[in-house]
Amino acid sequence: MINQIQKFTGSSYFTNALKITIAAVIPVLLFSFFGHFQIGFTIALGAFFTYPSDIPSSPKHKINGVLVTAFLVSLANLLINITYPYTWIFYPFLALFIFLLSMLSVYGQRATLVSFSALLSVSLAFAHINTGWPMVQHSLLILLGGLFYLVISLIFHYISPYRYVELEMTTCIQLTAKYLKLRGDLWSPNADKKAIIEKQLHLQVEINTIRENIREVLIGNHINSGSSNQNRKLLVVFVCLVEILELALSTSFDHNKLHLKFSNHPKVLLTYQNLAYNLASSLKQLSKSVKNKNKYIPKHNLIKNLHDLEQAILDYENDLGKIPASEGVFMLTTMLQYAEKQIEKIKIVERAFSLAILSEDLKGKDKDLDKFLTPQHYLWSTWIENLSFSSTLFRHSLRLTLTILVGFLIGKIVPFQNVYWILLTIVVIMRPGYGLTKKRSFHRIFGTVLGGFIAFGILYWIDNSILISVFAILSMLLGFSFTQTNYKISATFVTMYIVFIYGILTPNIGTVIQYRILDTLVGAILAFVANHFLWPSWEFLNIPLYLKKSIEANQKYLKEISILYNKKGPIPVSYRLARKNAFIEIGNLMASFQRMAQEPKSKQKKLPQVYKLTVLNHTLLSSSASLGTYIQSHKTTTASEAFNVVVDAVIKNLDNAIALLSETLIPEDNHKTDLTLRFTELKNIRAKELKEGKPINKEDFLLKMQEAQLVIEQLIWLTNLSENIVKNTKTLMEI
């Protein structure tokens with residue numbers, strides 16, 4: 001329990017919640033002491049509105065984002081108050097203003113959160129409509145609250161400038177360790193490969209998100225303010241984690257074939273699996289020590305595990321004899337070399353967190369780092385391009401605008417106590433996707449009812465305003481802590497916080513909570529119905545686009561691998577960018593599949609085919625990574641013409657799949673006969689080399705044979721995968 005509490009309080013979610021709680025509580029306590037509670041509460045509202053836009057970034061981007069949000073939420077409140085008395089101006093203005101704010105989301109994640117903050121401000125503006133100077137004063141106090149939150153956020157940042165990114169890095173290490181563990185599970189003879197691959201795909205979605213957060217901060221710091229020793233160390237760790245995941249993915253073997261081949265020698269595979277598990281365990285242990293700021297003491301002797309694997313390979317070779325065992329030894333040696341590389345990367349990560357100054361450098365990997373950030377282009381053309389029903393965000397903006405207007409009118413016609421609660425509920429739970437809106441609707445209703453009951457129970461037994469204030473602050477802190485991880489718990493604590501505040505301020509608390517539950521229910525129903533019937537964005541409509549992007553990213557990655565194999569030399573930035581995009585797009589594809597699985601059964605069109613194509617793309621990425629990793633870590637021979645012909649054929653297959661998804665014509669394919677001949681050519685080259693009579697124990701000959709075997713196997717595998725992708729894409733696109 002103590003470890004769980006420490007883990008929770010040490011998380012970045014708790015730190016963020018602590019920032020907004022401090023920024024909201026200080027003004028309330030300070031001004032209440034002087035008898036001006038309402039002023040303190042309004043300043044707290046400004047902090048609350050501004051808080052969502054404070055996302056991971058460099059200090060420069062943080063300041064700019066929070067300042068824009070603070071001014072926008074203040075302006076939104078002022079404009080609502082100015083136009084509200086003039087009915088014929090107010091309703092058209094409200095519709096246009098909500099639509100424009102919603103459309104800010106076309107500019108990326110930060111703009112989406114700025115939009116969300118402004119919409120919150122619009123919703124809560126109806127809680128207190130003012131005129132004259134009080135109207136201006138109220139808006140200025142909201143602005144002051146936003147600026148005060150910025151001060152608190154910057155204080156947290158400068159007290160511990162790298163704490164956030166260190167926490168994100170430990171999470172990234174943990175997720176990478178989980179991935180390594182899953183790869184190790186594949187080596188069990190009776191492993192459920194389908195379930196393991198599905199877990200890997202789900203994990204890839206999480207890894208993509210956490211990596212993007214880390215890139216935004218580390219690379220942003222490196223570009224904007226130069227690279228401190230700590231920033232550079234963390235960049236080294238991040239690069240290593242990316243390479244560790246690529247190495248893990250690159251152990252792409254036909255496990256059924258391997259288990260059959262080594263069925264009489266199971267020890268060698270079990271020894272490798274034990275090493276794989278210990279690699280994962282070492283990373284997990286390291287993440288815990290970094291998070292808790294403890295000295296890292298390794299539990300596993302990875303070098304000894306590596307020697308055990310070497311000995312197991314030697315025993316296998318001695319049992320069978322050098323010639324009969326040669327093919328198996330080549331396979332096992334490749335696995336051994338992957339493991340050596342993993343240990344090398346893990347040791348660098350260990351040293352980075354244990355030494356004050358890291359001797360390892362980025363070795364040119366810090367060149368063109370800005371290219372690894374997701375670009376944000378705040379251009380009018382981007383906004384105008386999304387003004388069509390083909391844009392998911394355009395449809396969502398229209399849907400949200402209409403739903404808020406309907407909610408507002410219902411609140412005016414039916415004698416609800418607080419119409420702004422209906423609007424607030426719509427803004428908070430309504431999302432472009434049906435599945436997430438449905439989930440958040442149920443969680444918000446559940447949390448509101450549960451939080452109301454718990455808070456009422458506490459108020460029934462406790463009649464001490466100081467104690468209730470403490471409960472309110474704790475509820476607020478916990479409510480914000482769980483916002484990103486468990487919305488049901490978050491809604492429960494936020495409701496408790498509101499009930500406690502009303503319990504202090506008003507005598508008719510029972511009536512207040514009844515209306516809150518009713519308003520929440522109305523807002524949730526409106527959001528749910530609107531997402532189902534008003535220009536819905538069903539995920540099956542987006543699947544072809546995500547598939548196309550994933551296939552294109554895999555194709556680009558394979559092209560870069562082919563260029564590297566042909567030209568040799570250092571790894572170019574274009575290779576690393578292609579690798580990054582391939583990982584991101586497979587994660588995006590899986591996220592789309594997850595959203596589709598949450599939608600009504602009638603809208604889950606060809607779900608099994610979508611999942612099969614997702615797995616095929618993941619496997620293609622794994623096979624490409626295997627080829628790419630081998631080329632990076634070995635001195636390879638000159639690429640043969642046969643290699644290039646086969647790679648071109650795989651790329652051609654992927655072109656055909658892209659054409660199918662784009663609904664364009666596929667040109668006639670005349671390469672199949674030639675491709676068969678090329679595989680025969682590759683195999684004949686290897687067979688000829690084996691018969692040349694060179695001593696089998698010569699290192700250069702063994703390396704050449706290992707390369708030939710791995711390249712041929714991966715080319716065959718890539719060809720089969722690309723053909724299956726085309727075949728399944730045809731099935732998917734059939735009406």
Side-chain angles (χ1 to χ4, degrees), residues 41-53 65-66 68-107 110-131 134-146 149 393 396-412 416-432 437 440 444 494 498 516 519-520 522-524 526-527 530:
F41 188 74
T42 307
I43 294 172
L45 275 181
F48 167 72
F49 291 147
T50 308
Y51 155 74
S53 65
V66 174
V68 168
T69 308
F71 279 99
L72 185 58
V73 297
S74 176
L75 179 64
N77 183 275
L78 183 62
L79 291 175
I80 293 296
N81 279 267
I82 290 172
T83 57
Y84 186 75
Y86 310 102
T87 305
W88 296 107
I89 297 174
F90 171 71
Y91 284 101
F93 167 77
L94 182 63
L96 180 62
F97 194 45
I98 291 170
F99 176 76
L100 292 175
L101 291 175
S102 301
M103 284 293 290
L104 288 176
S105 297
V106 301
Y107 294 116
R110 189 185 296 278
T112 299
L113 293 170
V114 171
S115 165
F116 176 70
S117 292
L119 289 168
L120 286 180
S121 181
V122 168
S123 302
L124 284 173
F126 296 106
H128 295 286
I129 297 294
N130 300 294
T131 57
M135 170 180 69
V136 177
Q137 185 184 40
H138 189 79
S139 296
L140 288 174
L141 289 173
I142 287 174
L143 174 60
L144 181 60
Y149 173 78
L393 290 173
H396 172 66
S397 297
L398 281 180
R399 189 187 310 124
L400 182 62
T401 302
L402 189 57
T403 308
I404 287 176
L405 288 174
V406 171
F408 185 79
L409 290 172
I410 289 174
K412 284 291 182 182
F416 287 118
Q417 190 181 58
N418 295 308
V419 65
Y420 65 88
W421 272 344
I422 297 176
L423 308 187
L424 191 65
T425 300
I426 293 168
V427 169
V428 168
I429 68 174
M430 201 163 182
R431 293 292 179 270
T437 298
R440 287 174 76 92
R444 186 165 178 82
V494 169
I498 291 169
R516 173 165 170 75
D519 293 338
T520 299
V522 170
L526 285 174

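- Heavy atoms only, all atoms of each residue included: Ala527 and Thr403 are closest at N-CG2, 4.2 Å.
- The shortest side-chain heavy-atom distance between Phe116 and Val428 falls under the 4.5 Å cut-off.
- The shortest distance between side-chain heavy atoms of Ile142 and Val73 falls below 4.5 Å.
- Residues Asp519 and Thr425 approach most closely at O-OG1, 4.3 Å, considering heavy atoms.
- Looking at Ser117, its side chain does come within 3.5 Å of a backbone N or O of Leu113 through a donor-acceptor pair.
- Put simply, OG1 on Thr42 and CZ on Phe48 are 13.5 Å apart, with the number rounded to the nearest 0.5 Å.
- In Phe97, the CZ atom is crowded: over 12 heavy atoms of neighbouring residues, nucleotides or ligands sit closer than 6.0 Å.
- Looking only at side-chain heavy atoms (C-beta outward), Phe408 and Val419 come within less than 4.5 Å of each other.
- Sorted pairs that involve residues 87-96 and meet side-chain hydrogen bond (donor to acceptor under 3.5 Å, both in side chains), not counting sequence neighbours, are lacking altogether.
- At least one side-chain heavy atom of Phe49 sits under 4.5 Å from a side-chain heavy atom of Leu124.
- Atom CZ of Arg399 and atom CD1 of Ile404 lie 12.5 Å apart (nearest 0.5 Å).
- Ring planes of Tyr84 and Phe90: perpendicular class, angle over 60° (limits at 30 and 60°).
- Taking each heavy atom of Thr69 and Ser53 in turn, the nearest pair found is OG1-OG, 2.9 Å.
- Here the shortest heavy-atom pairing between Asn130 and Asn81 reads N-OD1, 2.6 Å.
- The nearest pair of heavy atoms linking Ser139 to Ser74 is O-OG, 2.7 Å.
- Closest of all the heavy-atom pairs between Ala530 and Met430 is CB-CE, 3.6 Å.
- Among residues two or more places apart in sequence or in another chain, the side-chain hydrogen bond (donor to acceptor under 3.5 Å, both in side chains) test is passed with Tyr149 by Asp54.
- Note that the NE2 atom of His128 and the CG atom of Asn77 stand 10.5 Å from one another [nearest 0.5 Å].
- With a 4.5 Å cut-off on side-chain heavy atoms, Leu424 and Leu120 count as touching.
- With rounding to the nearest 0.5 angstrom, the CG atom of Leu393 is 11.5 Å from the CG atom of Leu400.
- Atom NE2 of His138 is separated from atom CG of Leu45 by 6.5 Å, given to the nearest 0.5 angstrom.
- Looking at heavy atoms from C-beta onward, Ile98 lies in side-chain contact with Leu94 at the 4.5 angstrom threshold.
- Ring-centre distance between Tyr86 and Phe93: not below the 6.0 Å cut-off.
- Using a 4.5 Å heavy-atom cutoff, the side chains of Leu101 and Val427 are not in contact.
- Atom CD1 of Ile129 sits about 8.0 Å away from atom OG1 of Thr83, to the nearest 0.5 Å.
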